Amino acid sequence: MAAATIETSALTRSYGEICALKPIDLLVPEGEWLSVMGHSGSGKSTLMNLVGGLDRPSGGALKVGGKDLLALSEDGLARFRREYVGIIFQQHHLVPYLSAVENVMLAQYFHSTPDEAEARNALERVGLGHRLKNRPGELSGGEQQRVCIARAIINSPKLLLGDEPTGNLDHKSTMMVMELLKELRAEERFTVVMVTHNQEVAAWGDRTIYLDDGVLVREERTRC
Ligand SMILES: Nc1ncnc2c1ncn2[C@@H]1O[C@H](COP(=O)(O)OP(=O)(O)O)[C@@H](O)[C@H]1O
Ligand SMILES: [Mg+2]
């Protein structure tokens, strides 16, 4: 599949009477790190879920990596998510009774085949080589999010999505997670779309878009 360019045209999503996303035109070039800001309820997660193939639009056009997501069947969309997208949420959604390495292997299992050496390696890359056998409850919030990053990158996604991944972390852990994402992106060259409430976190991106009541009201380039 082609590079992770995101192209939306008059993209909308309604939930009954609620118009969560008004027509949105957005182009995210391959390799860009896009930050998404806006008040609670402004449509950030809705946009993220559409781009990641977790939800379907009500109208408009949506292409990711050259693939028309509206044209995909449920199976096709599931394959797209599995092969193309890595996601990190605010809540870690790790399986509580599995160790860190088993949680990463579970993601490999859903993608193709578990490979413990590879899963260990991914955890070493996020600085958790010494916490492989610990369960999520034995890890700090920052460590849990680092397991989620290992889980998100294990299948080499072209598109990494974050929905407030540092929303529950203190400043120090937030900066560690951001630094780590920056390092991994330098190596893997994936495209990043990152929802955040934190201006400092948004500034790690190349560009920030602002949503207000489902409308893309403003954008700001943080880097040339
Ligand atoms: N599954 C859903 N069913 C009904 N309304 C929803 C659903 N998901 C989101 N919404 C509504 O859509 C709007 C945008 O929500 P969301 O995208 O979650 O905002 P944000 O992530 O910016 O806080 C809100 O008014 C929210 O209540
Ligand atoms: Mg949200």
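Every number for a ligand or one of its atoms is a count from 1 in the order of the listing. Given the structure is predicted, the values throughout are model-derived calculations rather than measurements. All values below were derived from every heavy atom in this structure, side-chain atoms included, with hydrogens, water molecules and symmetry-related copies excluded.
Proximity of a side-chain donor or acceptor of Ser42 to a complementary backbone N or O of Gly214 within less than 3.5 Å is not detected.
Of all protein heavy atoms, the one lying nearest to atom 27 (O) of ligand 1 is Ile18 CD1, 4.8 Å. Looking at atom 18 (O) of ligand 1, its nearest protein heavy atom turns out to be Ser45 CB, 3.7 Å. Looking at atom 12 (O) of ligand 1, its nearest protein heavy atom turns out to be Ala20 CB, 3.3 Å. Looking at atom 20 (P) of ligand 1, its nearest protein heavy atom turns out to be Gly41 N, 3.4 Å. Summary of contacts: the protein heavy atom closest to atom 22 (O) of ligand 1 is Lys44 NZ, 2.8 Å. Ranking the protein heavy atoms by distance from atom 6 (C) of ligand 1 puts Tyr15 CD1, 3.2 Å first.
Taking distance alone, with nitrogen or oxygen atoms compared against 3.5 Å, Gly43 approaches ligand 1 more closely than that limit.
For ligand 1, the atoms lying closer than 4.0 Å to a non-hydrogen atom of Thr46 are 14 (C), 15 (O), 16 (P), 17 (O). Atom numbering of ligand 1 starts at 1 in the shown order; those under 4.0 Å from a heavy atom of Ser42 are 19 (O), 20 (P), 22 (O). Proximity to His39 (heavy-atom distance under 4.0 Å) selects the following atoms of ligand 1: 22 (O).
Checked by atom type, the side-chain pair Ser173/Asp170 shows a donor-acceptor distance below 3.5 Å. Ser45 and Asp163 share a side-chain donor-acceptor pair at under 3.5 Å. Of the N and O atoms on the side chains of Asp115 and Gln108, not one donor lies less than 3.5 Å from an acceptor on the other residue. Glu220 and Tyr210 share a side-chain donor-acceptor pair at under 3.5 Å. Side-chain atoms of His92 and Gln145 include no donor-acceptor pair closer than 3.5 Å.
Each of Thr191, Leu181, Ile149, Leu184 was compared with Leu160 under the side chain to side chain contact (heavy atoms under 4.5 Å, CB included) criterion, and only Leu181 meets it. Screening Val195, Val193, Leu216, Ile209 against Leu47 for a side chain to side chain contact (heavy atoms under 4.5 Å, CB included) leaves a single residue, Ile209.
The distance from the Mg ion (ligand 2) to the nearest N/O/S atom of Met48 is not under 2.8 Å.
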